[in-house]
Amino acid sequence: MLRNNYNDKSLSEVHNSVDTTIPKKGFRKIFSFLGPAYLISVGYMDPGNWATDIEGGSTYGYALIWVLLMSNLMALLLQGLSARLGIVRGRDLAQANRETYPRGINFILYLLAEVAIAACDLAEVLGMAIGIQLLTGLPLFWGVSITVLDTFLLLYLQKLGMRKMEAFIIALVGIIFVAFFIQIFMAAPDVGSIVKGFIPSFPNKNNPADGTALFLAVGIIGATVMPHNLYLHSALVQSRKIDRTDFGIKQAIKFNRIDTTIALNLAFFVNAAILVLAGTLFFGTEYAGTKEIQDAHELLPSFLGGAAPVLFAVALIAAGQSSTITGTLAGQIIMEGYLSLRINPMLRRLITRMVAIVPALIVILIYGERSVGDLLVMSQVILSMQLGFAVIPLIYFVSDKKTMGKFAINTITKITAGAIAAVLVYLNLRLLVEKSMVIFEGDNMLSKILLITAALFFGSVLVYITFFPLFKKKMKEKSIEMHGAQNVLPLFAIPAYNTIAIALDFNKDDHKIIAYALGQGNPASNYLLVHIVESASAKLWGEQSDDHETHKDKERLESYVTQLKERGLKATAELGYKNRVKEIVRIVEDKKADLIVMGAHGHTGVEDILYGETVNAVRHELKIPVLIVAL
């Protein structure tokens, strides 16, 4: 299930799987690049957007359309920067963070990214369940439960390949687009009033006590500009094999910009259509303030006839299904990029889905089905509050001329991107302050302390990731101070290793570990090959184990010994059982080895818990030199 033999290729299963270097002309050349942005665009029209758009339209009419437009312009720029990072550096955002920031900061960024994915998946779960309920009448509780089944659809699509997965997503996007185009045509909104909605304003500006419009605006931004999409886009563009010359990279950036512009403007139309539909049908009527997707669906027949609710439900299911696929891919990218950890795709999907399902089921059981609208809007606000932690590092990476070369963004783009980051952070801070006033007006001191502590902690992290790259750059530029006066080396004996132990995991890097061991030996050295059998039978019965894995491990070890002997070397083998660390130490001490050679995959933090820090544990137990080979 878990693997720590990290492959530095982002989404290695589809990396460079679409060859754009094959000579093509005109639209055929552009078409080979089109696709990644459509997978991104579904995150901009997922069910979480529906909840915020419906509430915004029914409560304020067309007044918040400008927020959608602003969000779309932000998204166009930020997704373009994300694509640029992946194309030029061949790194996704998570990998770039891991290579730049300290371990502790990276772990915090990883957790925040996982929270963003969980919030996104929560919206998708609820949206799918609501769509199923609207079409079939199935209770929401059971609709949420059966959304686990879409795990198998994702696995099937991954097997078909990148282009077929993109085609499936584009088909779902087409369904959503057509469904809302028909509904807008049926609603016949006033075009003049819609145009006025593009003028920036908050409809409740004369009532500071009412923060609903701001809350909705931040929710709309969170629903539109999604942090996990910045990770995803930087990886998806690497599915294209491009000409790595300056011309080829420039061409890839250009065609991906076209791809992004088309896809995100399509998403903008869908979001605007939902808000306009709600504003046309509900604003200024007794149904003003409608915010539940179910309520909007129930009211459609009285305004537009019987076909509208069916179109609405089908589009909702398509939005939820398409978004859940891209959310899983983003989760894979984040886990691999930050932790260098591969996990079985089905297990990864089930974990993500369960994190979303459990809170949804709890809320439905305790507060009822009518509470899911608030839960959807809240999920989008949570997404928005994660944006700064993804956007700020992204801007730094694509501005760095050392790693981006001539493809680093220019000053105007840098200032614009910085202004967007500042707006996002400001809106989130203002929202946090306004919503926190309720807590500070109460008498619960513990809640106040926890809130202040959390605000200071995450505020410090945000400041740190903003300025750390600058400090890091200056530290590297400092001249190296000279050490003390040169000392004359005393006479010393060069050690000769008689028995060299080699700990093997039986993976693709075995030859590398053996090669380093041979480099330490001499003609008289004996090479002791060690492997620990870790099957369930071996852990239970030890040397008495007689299962298939034990036999296979023994055969492989003996095969290595035979190959070394054929080269004129002395070699022996020893199998260990049960506890890996204790067995390696026991064998090395029993055989009186002078040196042990081990491989290390570089996993730290959470992976230490998963994999047990074998190298460090062995090193502390033994009194002989330990050669660690980085794999």
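Every value quoted in this text rests on a predicted model; they were computed, and no experiment measured them.
Each of Val237, Leu93, Leu394 was compared with Ser82 under the side chain to side chain contact (heavy atoms under 4.5 Å, CB included) criterion, and only Leu394 meets it.
Taking the side chain to side chain donor-acceptor pair (under 3.5 Å) definition, one finds that Thr416 meets it with nothing, sequence neighbours left out. In terms of the side chain to side chain donor-acceptor pair (under 3.5 Å) criterion, Asn256 has no residue partners (sequence neighbours excluded). Qualifying salt bridge (charged side-chain N to carboxylate O under 4.0 Å, His left out) partners for Arg84, counting only residues two or more places apart in sequence or in other chains: none. Listed by chain and number, the residues in a ring pair (Phe, Tyr, Trp, His ring centres under 6.0 Å) with Phe269 are Phe177 (sequence neighbours excluded). The side chain to side chain donor-acceptor pair (under 3.5 Å) search around Tyr62 returns Thr280, not counting sequence neighbours. By the ring pair (Phe, Tyr, Trp, His ring centres under 6.0 Å) test, Phe397 is found to be paired with no residue, residues two or more places apart in sequence or in another chain being considered. Remark: Phe247 pairs with Thr245, Gln251 by the side chain to side chain contact (heavy atoms under 4.5 Å, CB included) rule, at least two apart or across chains. A search for ring pair (Phe, Tyr, Trp, His ring centres under 6.0 Å) contacts involving Phe33 returns Phe255, not counting sequence neighbours. Not counting sequence neighbours, Arg257 has no partner by the salt bridge (charged side-chain N to carboxylate O under 4.0 Å, His left out) test.
Asp53 approaches Ala278 most closely through the heavy-atom pair O-CB, 4.4 Å. The two residues Leu230 and Val391 come nearest to each other via the heavy atoms CD1-CG2, 3.8 Å. Between Val42 and Leu39, the closest heavy-atom pair is CG2-O, 3.0 Å. Considering all non-hydrogen atoms of both residues, Ala408 and Ser399 come closest at CB-O, 3.9 Å. Of all heavy-atom pairs spanning Gly90 and Gln95, the tightest one is O-OE1, 4.2 Å. Ala273 and Ile184 make their closest contact through O-CD1, 3.4 Å (heavy atoms, listed as atom of the first residue, atom of the second, distance).
Between the side chain of Asp243 and the main chain of Thr21, no donor-acceptor pair closer than 3.5 Å is present. Ser234 contributes a side-chain N or O that, together with a main-chain N or O of Tyr231, makes up a donor-acceptor pair within less than 3.5 Å. Between the side chain of His233 and the backbone N or O of Gln79 there is at least one donor-acceptor pair closer than 3.5 Å. Judged purely by atom type and a 3.5 angstrom limit, Ser58 uses its side chain to pair as donor or acceptor with the backbone of Ile54. Side-chain N or O atoms of Asn72 include none that pairs as donor or acceptor with a backbone N or O of Leu68 at under 3.5 Å.
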So Lys414 and Val398, side-chain contact (heavy atoms from CB on, under 4.5 Å) or not? Walk me through it.
CA-CA 9 Å; Lys414 193 186 304 183; Val398 294; over 6 Å; no
Applying side-chain contact (heavy atoms from CB on, under 4.5 Å) to Phe180 and Leu277, what does each step give before you reach the verdict?
CA-CA 9 Å; Phe180 275 104; Leu277 190 65; 4.2 Å; yes
Test side-chain contact (heavy atoms from CB on, under 4.5 Å) on Val270 and Ile274; report intermediate values, then the result.
CA-CA 6 Å; Val270 171; Ile274 297 171; 4.2 Å; yes
Derivation and outcome, side-chain contact (heavy atoms from CB on, under 4.5 Å), residues Lys241 and Val18:
CA-CA 6 Å; Lys241 181 180 179 181; Val18 180; over 6 Å; no
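Atom CG in Leu266 sits 12.5 Å away from atom OG1 in Thr261 (nearest 0.5 Å). Here CG of Leu316 is found 10.5 Å from CD of Gln133. Values are rounded to the nearest 0.5 Å. Rounding to the nearest 0.5 Å places CD1 of Ile87 at 14.0 Å from NZ of Lys250.
Using a 4.5 Å heavy-atom threshold, the side chains of Asn229 and Leu232 count as touching. Side-chain contact between Tyr38 and Ile262: present, with at least one pair of heavy atoms (C-beta onward) separated by less than 4.5 Å. With contacts defined as side-chain heavy-atom distances shorter than 4.5 Å, the pair Glu55/Tyr60 does not qualify. You'll find the side chain of Ile253 reaches within 4.5 Å of the side chain of Phe407, heavy atoms only.
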Under 3.5 Å donor-acceptor pairs involving side-chain atoms of residues 134-142, not counting sequence neighbours:
unit_1 : atom_1 : unit_2 : atom_2 : d
Thr136 : OG1    : Ile132 : O      : 2.6
Thr136 : OG1    : Leu138 : N      : 3.3

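Listed by first then second residue, pairs satisfying salt bridge (charged side-chain N to carboxylate O under 4.0 Å, His left out) with a partner in residues 160-174 read Arg163-Glu166, Glu166-Arg240, not counting sequence neighbours. Residue pairs satisfying the salt bridge (charged side-chain N to carboxylate O under 4.0 Å, His left out) criterion with at least one member in residues 310-320, sequence neighbours excluded, are absent.
No more than 12 heavy atoms of other residues, nucleotides or ligands lie within 6.0 Å of CZ in Phe181, so this atom counts as exposed by the packing criterion.
Counted by atom type alone, Asn97 and Tyr338 present one or more donor-acceptor pairs between their side chains at under 3.5 Å.
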